[in-house]
Amino acid sequence: MGANSSSICELPENVYLKRLSGAEAVSENDPFWNQLLSFSFTAPTSSAELKLLEEATISICKSLVENNPRTGNLGALIKVFLSRTKELKISAECQNHLFIWQAHNALFIICCLLKVFICQMSEEELQLHFTYEERMPGSYETNSVSFYSVSGVECEDLIEELLCCLIQLIVEIPLLDITYSISLEAVTTLVVFLSCQLFHKEILRESVIHKYLMRGRCLPYTSRLVKTLLYNFIRQERSPPPGSHVFQQQTDGGGLLYGFASGVATGLWTVFTLGGVGSKPAPQQEQSSPLANQSLLLLLVLANLTDAPDTPNPYRQAIMSFKNTQDSTAFPSPSPHAFQINFNSLYTALCEQQKSDQATLLLYILLHQNSNVRTYMLARTDMENLVLPILEILYHVEERNSHHVYMALIILLILTEDDGFNRSIHEVDKYLHTNCLAALANMSAQFRSLHQYAAQRIISLFSLLSKKHNKVLEQATQTLRGSLSSDDSPLPDYAQDLNVIEEVIRMMLEIINSCLTNSLHHNPNLVYALLYKRDLFEQFRTHPSFQDIMQNIDLVIGFFSSRLEQAGAQLSVERVLEIIKQGAVALPKDRLRKFPELKFKYVEEEQPEEFFIPYVWSLVYNSAVALYWNPQDIQLFTMDSG
């Protein structure tokens, strides 16, 4: 057993893991750490792999939770990692594989342990496990744990030091083949640090981890961290082939190379490929760029941290204010969060990555919160490269979750607030075949050369609404007649249903009217579809809710119907369209009543975090690389919402 473990089931008996979690304190200077960290294996690449690893080491973790308040071995491991990260940058420059390899292994163990601790205990308990004291020999009483040493001097805060170290590692270590894994592990560990939100139903507004990240030593790195995470997303760097940068130990025995790696590398990962509970959906099993994916998820989590009572979220401030590298204008005022990034590269990455929920959510955040990004994107002459992937989300709506579809619709609504966008999107012969009525309304005054399919779908949608209106009206009438003989049973609220349907019908009529009054001569296909289904509009001509808006539509239907009757029967489609085009020129514009231009603006809810924080964490739960949480432990959202 021990160092010669040959399978996953023997890991709980590994002598090095048992000593780490045992009742004996291990000094940070003990040679034991070199032995513990000398293991070599391909890191987990899916939640299923990590799940099996965690299940195999339950007894080890349980033992560490029990013994660590007296031994401080978790703190010692963290101190070993911190001491080694001080040389990471020069190690990368010097291609020191061994040093980086062991630092990565230390961080991997810390991340695995941290995830278990956060899931099982409160933040107060977690702080106690991180509290470091210079203890007198033999003074390992649990009650002696505090934030002060015996001399009364405040002890160093290992949580803040570790968080700051992870951020420095992400922003300062160059991304090379030999540093890819440790950079990814640093991003993953920050996600794990923030995962305490998963185990609370309510939104965490005051958290110890949030406090460390938004104040103190981490604060000066805010803009650099946001910039680095954005560039990780932009670059989409693929992970190097397994084993291409791992230091291969040449000597026999020692560490977990045999006790962990031979059992894991030859057996454990084979078992992992069989999958298991908590594994991701098939399309997300393999991430082409794990670092890009994980960086984006961390960025979204940071962007959606709630503001502190006295300070706004600095990560959101950074996202709101960064500018294009080609923008030479000065920032409005000196800002610690200001930085510049290549907007062209960012735009390209966003266009290419819209199949993922998290990339669509990032696009929404940037369009909604960063006016520099929004202005830049709206000025692009190739907006179809961004709009078409968004439309594809809506076209394949049955394959997307409701949140993804919702964000796509909101993005279209934000874009269609701009008149220039509405004009340019038609100049490249693209149309928005979507039932997002607000976006259609914003665009209706600038509709140009609507495709026959788009025109038909607008009228078809109106037809569906008309049928729904008639059905509800009939049900309401029948129920009212039946209620005359019975006063006991409550009536269904058909009035409310009718109001909702009539509001949507009104909006559809306003969209049609707006197009007819502003650009009738540009849209013969819409007039054709209107005439083809003219009977649909009869019932609304005298309806008090629609009389005003129906005047123009009724006039257009009457005018073109008369011209078609004069042209004779059995007209071809081509001939009808020709008559419509001629009639559009002949119709006196002053006969059409003018209405205020339709304009809808997206306004975020008063407490957007109630929607976005559970949404972001559902993305982390479903999409994070090699992270697993027991679904039974999740409190923030129901599993169906992920």
Side-chain angles (χ1 to χ4, degrees), residues 300 303-304 347 350-351 353-370 373-374 377-378 380 383-422 424-426 430-447 450-451 453-454 457-458 460-462 464-465 468 500-501 503-508 510-512 514-515 598-616 618-619 622 640-642:
L300 294 175
N304 285 281
Y347 180 79
L350 287 167
C351 291
Q353 300 298 321
Q354 287 306 305
K355 288 185 178 180
S356 79
D357 286 65
Q358 47 267 39
T360 302
L361 181 54
L362 175 64
L363 174 59
Y364 158 77
I365 291 173
L366 294 177
L367 282 173
H368 179 52
Q369 299 185 1
N370 190 312
V373 172
R374 184 169 62 253
M377 288 188 177
L378 288 170
R380 296 279 304 204
M383 275 298 288
E384 68 273 14
N385 291 339
L386 186 65
V387 173
L388 290 178
I390 298 298
L391 291 177
E392 189 175 356
I393 296 170
L394 303 177
Y395 189 78
H396 298 287
V397 63
E398 69 283 352
E399 301 172 13
R400 309 293 181 185
N401 69 66
S402 58
H403 286 13
H404 198 183
V405 173
Y406 174 70
M407 297 317 304
L409 290 172
I410 296 304
I411 287 168
L412 289 179
L413 179 54
I414 292 173
L415 292 174
T416 59
E417 290 173 16
D418 181 76
D419 289 340
F421 169 83
N422 295 333
S424 66
I425 205 65
H426 291 288
K430 307 296 182 202
Y431 58 90
L432 301 182
H433 53 292
T434 170
N435 63 354
C436 178
L437 299 185
L440 285 174
N442 283 346
M443 301 178 69
S444 57
Q446 280 91 29
F447 279 167
L450 273 180
H451 191 277
Y453 177 76
R457 295 307 297 163
I458 290 173
S460 295
L461 178 56
F462 182 80
L464 288 173
L465 291 168
K468 180 68 174 176
V500 171
I501 295 171
E503 283 181 12
V504 178
I505 288 176
R506 170 83 189 188
M507 199 168 180
M508 285 299 303
E510 287 177 337
I511 290 169
I512 295 169
S514 175
C515 182
L598 296 176
K599 216 57 178 174
F600 291 83
K601 185 177 179 62
Y602 171 67
V603 179
E604 205 168 60
E605 296 290 339
E606 287 187 8
Q607 293 184 311
E609 65 274 10
E610 298 291 340
F611 169 82
F612 286 105
I613 291 178
Y615 178 32
V616 167
S618 72
L619 295 181
N622 285 299
D640 290 337
S641 70

Do the two ring centres, one from Tyr406 and one from Tyr615, sit under 6.0 Å apart?
->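 Judged by ring-centre distance (under 6.0 Å), Tyr406 and Tyr615 do not meet the cut-off.
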Spatial distance of atom [atom1] ([X]) from atom [atom2] ([Y]) [nearest 0.5 Å]:
X: Leu300; Y: Ile365; atom1: CG; atom2: CD1; value: 5.0 Å
X: Leu361; Y: Leu366; atom1: CG; atom2: CG; value: 9.5 Å
X: Ile512; Y: Met507; atom1: CD1; atom2: CE; value: 12.5 Å
X: Leu367; Y: Leu386; atom1: CG; atom2: CG; value: 7.0 Å
X: Ile390; Y: Leu350; atom1: CD1; atom2: CG; value: 9.0 Å
X: Glu510; Y: Arg506; atom1: CD; atom2: CZ; value: 4.5 Å

Sequence-distant partners of Asp419, side-chain contact (heavy atoms from CB on, under 4.5 Å), two or more places apart =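 If we apply the side-chain contact (heavy atoms from CB on, under 4.5 Å) test to Asp419, skipping adjacent residues, the hits are Asn422, Arg423, Gln446, Glu597, Lys599.
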Could you report the tightest heavy-atom contact between [X] and [Y], atom names first, then the distance?
X: Arg400; Y: Lys355; value: NH1-O, 3.3 Å
X: Ile458; Y: Met508; value: O-CE, 3.4 Å
X: Cys351; Y: Pro389; value: O-CG, 3.7 Å

Can you list the residues that meet the ring pair (Phe, Tyr, Trp, His ring centres under 6.0 Å) rule with Phe462, with sequence neighbours excluded?
->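 For Phe462, the residues satisfying ring pair (Phe, Tyr, Trp, His ring centres under 6.0 Å) (neighbours in sequence not counted) are Phe537, Phe540.
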Passing option when Met377 is tested against Leu363, Asp418, Ile414 for side-chain contact (heavy atoms from CB on, under 4.5 Å) = Leu363
What residues form a salt bridge (charged side-chain N to carboxylate O under 4.0 Å, His left out) with Glu609, not counting sequence neighbours?
-> Arg205
Which residues pass the side chain to side chain donor-acceptor pair (under 3.5 Å) test with Arg374, sequence neighbours left out?
-> none
List for me each residue that meets side chain to side chain donor-acceptor pair (under 3.5 Å) alongside Gln353, sequence neighbours excluded, and say none if there are none.
->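 Result, side chain to side chain donor-acceptor pair (under 3.5 Å) vs Gln353: none returned.
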Going through the distances and angles, do Leu415 and Met383 end up as a side-chain contact (heavy atoms from CB on, under 4.5 Å)?
-> CA-CA 10 Å; Leu415 292 174; Met383 275 298 288; 3.8 Å; yes
